[in-house]
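In what follows, a structure is listed as structure tokens, so that the remarks can point back to it.
The structure displayed is predicted, hence computed values, not measured ones. Just so you know, these numbers use all the heavy atoms, side chains as well, and skip hydrogens, waters and symmetry mates.
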Amino acid sequence: MKYILDTHALIWFLEGNSRLSPIVKAILSDATSELILPAIALAESVWIVKSW
């Protein structure tokens, strides 16, 4: 199945944030999941990480 990531899901997954639901965590951890990362979500993630 294909899933579209948003900025929050990506950042929360990468930082191991507990606000990410177990279902989403499982989807993002599954190597067979087809993940679509919009360019704007990637750009926002880079901006957030650079701000830390």
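- Leu10 has its side chain out of reach of Phe13: every pair of non-hydrogen atoms, C-beta onward, lies at least 4.5 Å apart.
- Rounding to the nearest 0.5 angstrom, the gap separating the CD1 atom in Ile36 from the CD1 atom in Ile4 is 5.0 Å.
- Side-chain contact between Leu20 and Leu28 is present, with heavy atoms from C-beta onward closer than 4.5 Å.
- Between the side chain of Asp6 and the main chain of Ala9, a donor-acceptor pair closer than 3.5 Å is present.
- Atom CD1 of residue Ile27 and atom OG of residue Ser21 lie 7.5 Å apart, to the nearest 0.5 angstrom.
- Residues Leu5 and Met1 share a single hydrophobic cluster, defined by chaining ILVMFWY side chains whose heavy atoms lie under 4.5 Å apart.
- Both Ile23 and Leu35 belong to a single network of hydrophobic side chains, linked directly or stepwise wherever heavy atoms of I, L, V, M, F, W or Y lie under 4.5 Å apart.
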